[in-house]
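Everything below concerns the one structure shown next.
Chain identifiers are assigned alphabetically (A, B, ...) following the order of the sequence lines, protein sequences preceding nucleic acid strands; residue numbering begins at 1 within each chain.
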2 protein chains.
Amino acid sequence: MAKSTNPDTPMAVKQRGVTMKDVAKHAGVSRTAVSFVLSNRENASISEETRTRINDAVQELGYRPNAGARALASRRSDWYGIVTEIVTAPFAVDIIKGAQDQAWLDRRFLLIAPSDQADAVGPNEGLEDAATEKLLEQRVEGLLYAATFHRGVHVPESANEVPTVLINCFDADGKLPSIVPDERGGGRVAVERLLQAGHTRIGVINLDPVIPAAVGRLEGAREALAAAGLELDPELVVSGYATADGGYDAACQILDRYPQKERPTALFCLNDRMAMGAYDAIKERGLTIPGDIAVIGFDNQELIAAYLRPKLTTVALPFEKMGALGVQTLAALTAGQPILADQQLVDCPLLERSSV
Amino acid sequence: MAKSTNPDTPMAVKQRGVTMKDVAKHAGVSRTAVSFVLSNRENASISEETRTRINDAVQELGYRPNAGARALASRRSDWYGIVTEIVTAPFAVDIIKGAQDQAWLDRRFLLIAPSDQADAVGPNEGLEDAATEKLLEQRVEGLLYAATFHRGVHVPESANEVPTVLINCFDADGKLPSIVPDERGGGRVAVERLLQAGHTRIGVINLDPVIPAAVGRLEGAREALAAAGLELDPELVVSGYATADGGYDAACQILDRYPQKERPTALFCLNDRMAMGAYDAIKERGLTIPGDIAVIGFDNQELIAAYLRPKLTTVALPFEKMGALGVQTLAALTAGQPILADQQLVDCPLLERSSV
DNA sequence: TCCGGGAAGTAACGCGCGTTACCAACGTAG
DNA sequence: CTACGTTGGTAACGCGCGTTACTTCCCGGA
């Protein structure tokens with residue numbers, strides 16, 4: 001790329017937009033009157049006649065307010081910023097959708113800044129800081145941080161200058177409000193569903209046991225079993241890589257370890273990708289789903305769950321709802337209202353399909 | 001939700017940020033001098049000494065420029081707007097990623113406005129208009145329109161007020177520059193790959209035959225065959241719903257129609273979801289992939305292609321590249337530079353995995 | 001007749017910054 | 001000594017808009 005010698009060349013077409021002054025002149029009133037009418041001030045005394053005259057002028061001239069100028073004068077920008085690696089790793093992109101939709105309904109704009117950009121100094125070195133800084137330069141009224149998977153994070157210092165909410169992650173220092181999925185509840189409903197279908201011997205294909213998702217989901221599974229007077233057989237829990245291959249290997253282990261009588265009749269896969277691999281292991285052995293083995297997943301990755309055959313019953317991560325709730329929480333914070341709790345858990349609902 | 005009686009309550013913390021005036025006072029110079037230093041004006045005569053004094057003051061006070069005010073004064077916002085349904089239908093979310101990354105590299109912000117919002121009048125009624133309008137109020141310097149799948153679209157009138165580029169779609173009226181995937185080239189490389197592997201009898205699982213993707217990909221397939229002196233047997237082309245089930249049904253038709261000798265040895269599935277279904281049909285019949293039947297897909301939906309077993313060889317849609325190219329094209333347009341062509345085709349590269 | 005008070009509107013300031021025009025001091029050439 | 005360019009700045013205007021203080025007019029009551 002050639003370095004521009006003059007970065008200031010304003011060659012862009014300068015389409016001098018119509019301003020309030022133009023509207024005022026066209027309607028034969030003062031700019032103040034126009035401002036009053038457009039901002040619907042209740043205590044402003046403008047006669048109905050001039051009001052319509054102004055509105056007509058707005059229509060005729062195609063006036064469009066200048067959001068930036070308004071922000072400058074009113075000292076409120078109607079912008080939230082969201083810092084996220086999701087743009088790059090789109091697994092949890094529904095967070096953005098939920099946040100975006102909610103922001104749009106509130107007539108606010110969501111400025112998205114990536115937290116894992118290539119022009120960084122080192123790997124993960126000051127990226128979020130740069131993103132945060134950029135957003136603050138835009139005078140966002142609040143900040144959101146969103147992660148692709150449930151985990152602890154550190155947010156830049158400067159985030160403290162403005163209300164901040166974490167989505168699908170939590171502050172390792174425990175100061176900031178956060179919105180996270182109720183992993184435990186999800187694990188519980190999954191196993192409850194299997195129990196309800198008559199399964200008592202349930203294999204679990206586990207994730208890396210230290211991540212919050214694994215901890216919570218497994219705990220939920222234990223709770224559900226306990227409520228039915230059962231215990232989780234440690235031998236039936238096998239961890240693997242969070243991939244289809246990992247799920248395949250783990251499922252093979254579980255399925256081949258026992259004679260048919262003792263073989264589990266159901267598998268709780270802690271994510272859908274592993275369930276995908278488990279499907280293959282099951283089918284390879286001439287077994288049917290859900291006839292011989294019921295399978296339940298987690299995450300509800302649409303592209304997998306809805307297209308596996310049979311379609312996968314799974315527990316959904318409420319990405320969209322978390323995004324929306326994040327914006328709502330932020331709106332409350334910026335309005336000075338108290339928020340419900342420092343950590344809000346969002347339900348992980350069961351999605352019935354055909355694998356149980 | 002209780003309706004706020006006074007929408008103006010500015011309860012948000014008004015953290016009066018430090019301005020250039022503060023910096024100037026702290027450094028003992030005029031605000032103008034600060035402005036000159038910060039904007040790196042070449043022809044400004046500021047001594048090295050005061051320059052460092054100002055920079056020091058900036059550091060000490062933690063000055064952060066106000067992007068909105070700068071935009072107002074300089075009449076350039078450094079913002080692009082992108083109108084897209086992708087936020088809602090995340091299939092092609094990589095377009096946003098590509099655009100976002102490129103914009104970030106150019107030190108610009110991408111304002112994302114959804115084109116399929118719930119608060120609309122009717123279905124698809126004036127949504128894009130509202131989104132476009134909102135973006136223009138923000139004084140974006142250019143507009144992008146992105147579609148989830150390759151198709152013709154109509155853009156709102158007001159888009160003409162500002163440079164505009166279409167991504168993964170094209171203007172039905174043919175006026176606006178657009179960036180679209182080279183579907184034909186993709187179809188060609190897919191079939192070339194099959195030919196190279198020795199397959200001459202190739203079944204095609206087709207999409208709805210009228211959509212641009214189907215037309216282009218099929219045309220490419222024909223070209224590749226023609227170059228090898230072969231023709232596409234119309235009987236081997238069967239259309240189905242663009243789902244795993246559709247692919248399953250279509251594959252069953254093709255596989256069951258012929259005795260083993262005449263059965264095609266390869267399937268070109270025009271998208272990965274259908275390939276997913278085809279996998280099942282093939283496996284059900286006790287056939288192996290790629291041993292008995294080679295399969296090649298299209299779209300490279302990572303969650304499918306990379307996790308099917310065996311992993312699916314497919315042709316990638318260059319979403320990310322299209323997004324980046326869209327922003328680059330827009331940058332050229334806003335800079336008044338000529339663009340390369342009205343319609344830019346982006347390569348659809350073959351992704352070798354294990355199904356051929 | 002005068003006065004008080006609401007109705008209808010306007011002038012003017014400031015938000016934070018880019019930018020242009022201007023000014024003072026200091027050489028240096030004629 | 002005057003003229004004139006150069007260096008190192010500063011004063012002041014305007015971007016488009018929100019907002020406050022102020023003015024003018026009219027009407028009803030005393």
**Complete:** Separation of C:dG18 atom C1' from B:D78 atom CG, nearest Å, is 13 Å

**Residues forming a side chain to side chain contact (heavy atoms under 4.5 Å, CB included) with B:E157, sequence neighbours excluded** = B:N160

**Asked** Is the shortest heavy-atom distance from the side chain of B:I82 to the side chain of B:L111 under 4.5 Å?
**Response** no

**First of B:S35 and A:A73 reached from the 5' end of DNA chain C, by closest nucleotide** = A:A73

**Message:** What is the separation between atom CZ on A:R64 and atom P on D:dG16, rounded to the nearest whole Å?
**Reply:** 14 Å

**Prompt:** Using a distance-only test with no angle check, is there a side-chain donor-acceptor pair under 3.5 angstrom linking A:E141 and A:T334?
**Reply:** no

Which atoms of nucleotides 8-11 of chain C (N or O only) lie under 3.5 Å from a protein N or O atom, and what are those distances?
unit_1	atom_1	unit_2	atom_2	d
C:dA8	N7	A:S45	OG	2.6
C:dG9	OP2	A:S47	N	2.7
C:dG9	OP2	A:S47	OG	3.2
C:dG9	OP2	A:T50	OG1	3.0
C:dT10	OP1	A:S30	N	3.4
C:dT10	OP2	A:S30	N	2.8
C:dT10	OP2	A:S30	OG	2.6
C:dA11	N7	A:T32	OG1	3.4
C:dA11	N6	A:T32	OG1	2.9

**Request:** Mind checking side chain to side chain contact (heavy atoms under 4.5 Å, CB included) for B:S158 and listing every partner two or more places apart, or none if nothing turns up?
**Result:** A:R64, B:T132, B:E133, B:L136, B:P156, B:E161

**Fill in**
Taken to the nearest whole Å, CZ/A:R139 to P/C:dC15 is 14 Å

**Fill in**
Residue set satisfying ring pair (Phe, Tyr, Trp, His ring centres under 6.0 Å) with B:F170, at least two apart, ordered chain then number -> B:H150

**Message:** Nearest whole Å is fine: how far is D:dT19 P from A:L38 CG?
**Reply:** 13 Å

**Fill in**
When rounded to whole Å, the NZ to C1' distance for the pair A:K25 and D:dC17 reads 16 Å

**Prompt:** Roughly how many Å is it from NZ in B:K21 to C1' in C:dG16, rounded to a whole number?
**Reply:** 9 Å

**Message:** Nearest whole Å is fine: how far is D:dT7 C1' from B:R41 CZ?
**Reply:** 15 Å

**Asked** Within the structure, does a side-chain N or O atom of B:R70 lie under 4.0 Å from either OP1 or OP2 of C:dC17?
**Response** no

**Prompt:** Can you list every ring-ring contact (aromatic ring centres under 6.0 Å, His included) pair that touches residues 40-72 of chain A, not counting sequence neighbours?
**Reply:** none

**Asked** Among D:dG16, C:dT19, C:dC17, which nucleotide sits nearest the side chain of A:L72?
**Response** D:dG16

**Message:** If the condition is side chain to side chain contact (heavy atoms under 4.5 Å, CB included), which residues does A:T50 pass it with, not counting sequence neighbours?
**Reply:** A:I46, A:S47, A:R53

**Prompt:** What is the distance from CZ of A:R76 to P of D:dG18, rounded to the nearest Å?
**Reply:** 12 Å

**Request:** Please report how far the helix from C:dT1-D:dA30 to C:dG30-D:dC1 bends, comparing the axis fitted to its first five pairs with the axis fitted to its last five, to the nearest 10 degrees.
**Result:** 70°

**Prompt:** Can you name the side-chain hydrogen bond (donor to acceptor under 3.5 Å, both in side chains) partners of B:T329, sequence neighbours left out?
**Reply:** B:Q344

**Request:** Could you pull out all residues at least two apart from B:F109 that satisfy ring pair (Phe, Tyr, Trp, His ring centres under 6.0 Å)?
**Result:** B:W104

